[in-house]
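A quick write-up on the structure given underneath.
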Amino acid sequence: PFVNIAGGSPFESPEARDIANLLRWLAEPGDDARFTALLLSPFFGAEADILYGLRLAAGRHGSMARRFLDGGPSSEPGSGGSVEHIRETLHGLLKRRDHFSIRELLEHAFTETGYTAVVLADPIRGEESLAVIDAILAAADAYERTGGALHGFAGLLDRGEFASDRGAALETREDALPIITIHKAK
């Protein structure tokens, strides 16, 4: 284990950003900026040419997300399976969003997309990424216990408005190797 002395909240991490984009898009499926960020994230890792084709197909004022979910455009030969998998996964998440907890939605997304395997494969942030995901899931559980729902949690996560004592707890671990960034070493 290691501790990044630079600190920072797990809710300001790349994983929090990815998960916030997913949840914000589920709350507002017409948001093309969130849709684009979601497709490019480790959830799907879509190629830029897929997005370019969607933008062209949707036209200047059309919704890329709506166009994609409605079945168009077809992908380039050879990548159809991945595009169809993305489409099916997004449809499945939309069907579940009003019937499942935030944790269940996220766990389904992680399973269907292999997100946790992708972030764990990062040799520098891998284990830290999983700890961040655990912190986000715990925050989602706590938020829902107070009566909160997807849209509110997504907004709070997106704005980084969760407090965390996880960093302080990690810094006290005796088996953790401290890592300090040059920026924080001033």
Side-chain angles (χ1 to χ4, degrees), residues 9-122 125 129-130 132-133 136-137 139-140 143-144 148-162:
S9 168
F11 303 107
E12 296 170 351
S13 68
E15 299 79 24
R17 183 89 2 245
D18 294 339
I19 292 169
N21 283 328
L22 169 64
L23 296 176
R24 289 296 286 240
W25 181 79
L26 285 171
E28 299 175 37
D31 186 335
D32 278 347
R34 302 288 179 174
F35 176 72
T36 300
L38 178 58
L39 288 187
L40 292 172
S41 77
F43 276 108
F44 297 108
E47 299 291 329
D49 54 343
I50 291 173
L51 294 170
Y52 178 72
L54 278 171
R55 182 73 271 155
L56 289 178
R60 185 178 197 127
H61 302 290
S63 168
M64 290 172 41
R66 187 172 302 120
R67 179 75 174 120
F68 182 77
L69 291 171
D70 289 344
S74 297
S75 62
E76 295 296 316
S79 65
S82 63
V83 169
E84 280 308 310
H85 178 71
I86 294 170
R87 187 175 288 122
E88 290 170 12
T89 300
L90 292 175
H91 275 294
L93 288 166
L94 286 171
K95 287 178 187 174
R96 287 171 173 80
R97 76 175 167 192
D98 297 327
H99 308 287
F100 290 82
S101 70
I102 297 168
R103 173 183 284 274
E104 290 168 328
L105 281 172
L106 291 173
E107 287 175 344
H108 180 75
F110 298 152
T111 299
E112 290 298 310
T113 64
Y115 181 85
T116 50
V118 172
V119 298
L120 184 58
D122 183 325
R125 286 196 39 82
S129 296
L130 290 182
V132 166
I133 291 169
I136 291 170
L137 292 173
Y143 185 78
E144 286 185 309
L150 173 71
H151 194 274
F153 181 78
L156 290 172
L157 183 59
D158 189 39
R159 293 186 300 273
E161 293 185 12
F162 286 102

Practice prompt. Report the residue from Leu23, Asn21, Leu22 that forms a side-chain contact (heavy atoms from CB on, under 4.5 Å) with Ile19.
Written response: Leu23
Worksheet item: What are the two closest heavy atoms between Phe11 and Leu157, and how far apart are they?
Response: CD2-CD1, 3.7 Å
Discussion item. So, taking the atom named NE2 in His108 and the one named CG in Leu105, what distance separates them when rounded to the nearest 0.5 Å?
Written reply: 8.5 Å
Discussion item. Could you check whether any side-chain heavy atom of Val118 comes within less than 4.5 Å of a side-chain heavy atom of Thr113, counting everything from C-beta outward?
Written reply: no
Item to complete: Kindly indicate whether the side chain of Phe68, heavy atoms from C-beta on, has any atom under 4.5 Å from the side chain of Arg87.
Response: yes
Item to complete: Apply the test side chain to side chain contact (heavy atoms under 4.5 Å, CB included) to residues Phe153 and Asp158: give CA-CA distance (whole Å), side-chain angles for both, the deciding distance (0.1 Å), then the verdict.
Response: CA-CA 8 Å; Phe153 181 78; Asp158 189 39; over 6 Å; no
Worksheet item: Would you call Leu38 and Arg34 a side-chain contact if the rule is heavy atoms closer than 4.5 Å?
Response: no
Worksheet item: Looking only at heavy atoms, which two atoms of Met64 and Asp32 are closest? And how far apart?
Response: N-OD2, 2.9 Å
Item to complete: Not counting sequence neighbours, which residues clear side-chain contact (heavy atoms from CB on, under 4.5 Å) with Asp18? List them please.
Response: Ser41, Pro42, Phe43, Tyr115
Practice prompt. Return the minimal non-hydrogen interatomic distance between Arg24 and Gly155, and the atom names on each side.
Written response: NH1-CA, 2.9 Å
Worksheet item: What are the two closest heavy atoms between Leu39 and Phe44, and how far apart are they?
Response: O-CB, 3.6 Å
Item to complete: Would you check if Leu137 and Ile102 make a side-chain contact, meaning some heavy-atom pair closer than 4.5 Å?
Response: no
Discussion item. Tell me whether Arg17 contacts the main-chain N or O of Glu12 through its side chain, where contact means a donor paired with an acceptor under 3.5 Å.
Written reply: no
Worksheet item: Counting distance only, does the side-chain N/O of Arg67 pair as donor-acceptor with the main-chain N or O of Ser63 below 3.5 Å?
Response: no
Worksheet item: Roughly how far, to the nearest 0.5 Å, is the CG atom of Leu90 from the CH2 atom of Trp25?
Response: 4.5 Å
Worksheet item: If we only count heavy atoms from C-beta on, is the Leu93 to Phe100 side-chain gap below 4.5 Å?
Response: no
Item to complete: Report the distance from atom CZ of Arg97 to atom CG of Leu150, rounding to the nearest 0.5 Å.
Response: 8.0 Å
Discussion item. For a side chain to side chain contact (heavy atoms under 4.5 Å, CB included) check, start with the C-alpha distance between Ser129 and Asp122, then their side-chain angles and the critical distance, and finish with the verdict.
Written reply: CA-CA 9 Å; Ser129 296; Asp122 183 325; 5.6 Å; no
Worksheet item: Do Glu47 and Val83 have side chains that get closer than 4.5 Å, going by heavy atoms?
Response: no
Worksheet item: At what distance, to the nearest 0.5 angstrom, does NE2 of His91 lie from CD of Glu84?
Response: 8.5 Å
Discussion item. According to side-chain hydrogen bond (donor to acceptor under 3.5 Å, both in side chains), who are the partners of Arg103, at least two apart in sequence or on a separate chain?
Written reply: Glu107, Asp141
Discussion item. Give me the atom names and distance for the closest heavy-atom approach of Pro29 to Ala65.
Written reply: O-CB, 3.4 Å
Worksheet item: Ala46 and Ile86: which non-hydrogen atoms are nearest, and at how many Å?
Response: CB-CD1, 4.4 Å
Worksheet item: Does the pair Glu112 and His85 meet the rule for a side chain to side chain contact (heavy atoms under 4.5 Å, CB included), with working shown?
Response: CA-CA 9 Å; Glu112 290 298 310; His85 178 71; 3.8 Å; yes
Discussion item. To the closest 0.5 Å, what do you measure between OG1 (Thr36) and CD1 (Ile50)?
Written reply: 12.0 Å
Discussion item. Test of understanding: with side-chain hydrogen bond (donor to acceptor under 3.5 Å, both in side chains), list the residues that count as partners of Glu28, not counting sequence neighbours.
Written reply: His151
Worksheet entry | Stepwise side chain to side chain contact (heavy atoms under 4.5 Å, CB included) check, Val132 with Arg125 | CA-CA 10 Å; Val132 166; Arg125 286 196 39 82; 4.3 Å; yes
